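Please read all numbers here as calculations on a predicted model, not as lab measurements.
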Amino acid sequence: MKMKTLIVCIIAALFSINIASAGIPMLVKAKITDKQSGTPMEVDILIKDSKGKKMKLKTTTTGEFQQVLTSGEEYEITFNSKDILRQTETFRTEDTDKYVEQKLDFKVNKIRVGAEIFDFDIFSPESATLNASSQAYMNKVKLMLRFNRSVKLVIKVNADDSYNKKGKKYAAKKQELVQQRVKALSDVIAKWGRLGDKISISTGTSGSSANDTKIEISEVVDAMNRRM
């Protein structure tokens, strides 16, 4: 009798583990706001699960949406509208064996001149050599331009990470390094064809971050390439 009871308990435990690993329905409640102002954004949303199943929805005027998803799963979510830069990221639902409501907050970039959309560290210290992460970062910029044809960008490069001491000696070294970094980026973007025509490069400062490259929207244009 004890052996039968033990076997039943083991089977029940395995069954419950399988149910948990398969995931159960849960409710995701999310809010989308502008990264800079915090204003709620009304956008179109595309959610895709790991099997490629797609769900299309739209936020309310308060930037909110609700969607029933499966617990313990990873999803890809894309935000898009005429007022924001198209953005794709991933999120994971909570691992749970019972119904829950998960709250999420997403930040998007509203299209406006002067908006900072990227803040990267793409150069090796005291060097104009692009680091190992630079290719992935620049691919993000290229993809953004492909999906947002109304914007032009300015890339602002600095050398604050390398020469931040005072004095003419360091100022001269910093200026020289900045110009070398501008040249290195120009060489990369020159290979982008028409996308490269939508980018200018200038010098800048690191600001509140220690990163060496910031990217802002410099212009918003219409289909005829006229400034809006």
- Message: Working note: Thr93 + Gln102, criterion side-chain contact (heavy atoms from CB on, under 4.5 Å); need CA distance, chi angles, decisive distance, verdict.
- Response: CA-CA 7 Å; Thr93 51; Gln102 180 178 355; 3.7 Å; yes
- Check the angle between the aromatic planes of Phe79 and Phe106 and answer parallel, tilted or perpendicular using the 30° and 60° thresholds.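 Phe79 vs Phe106 ring planes: tilted.
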So if you build clusters from Ile, Leu, Val, Met, Phe, Trp, Tyr with side-chain heavy-atom gaps below 4.5 Å, do [X] and [Y] land together?
{"X": "Val154", "Y": "Ile111", "answer": "no"}
{"X": "Ile47", "Y": "Val43", "answer": "yes"}
{"X": "Ile117", "Y": "Leu143", "answer": "no"}

I'd like to know if the side chain of [X] reaches the main chain of [Y], judged simply by a donor and an acceptor atom lying under 3.5 Å from each other, with no hydrogens or angles considered.
{"X": "Arg181", "Y": "Asn158", "value": "yes"}
{"X": "Asp212", "Y": "Val157", "value": "no"}
{"X": "Ser37", "Y": "Asp34", "value": "no"}

- Please confirm whether Phe118 and Tyr137 have ring centers closer than 6.0 angstrom.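 No, the ring of Phe118 stays outside the 6.0 Å limit from the ring of Tyr137, centre to centre.
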- Query: In Å, rounded to the nearest 0.5 Å, how long is the span from OG1 of Thr96 to CD1 of Ile24?
  - Reply: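 If I round to the nearest 0.5 Å, the distance is 5.0 Å.
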- Partner of Met138 by side-chain contact (heavy atoms from CB on, under 4.5 Å), out of Thr213, Leu130, Leu185: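 By the side-chain contact (heavy atoms from CB on, under 4.5 Å) criterion, Met138 pairs with just one of Thr213, Leu130, Leu185: Leu185.
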- Indicate whether the side chain of Glu89 and that of Gln87 have a donor and an acceptor atom separated by less than 3.5 Å.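 There is such a pair (donor and acceptor under 3.5 Å, judged by atom type) between the side chains of Glu89 and Gln87.
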- Query: Between Lys29 and Glu64, is the closest basic N to carboxylate O distance under 4.0 Å?
  - Reply: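 No.
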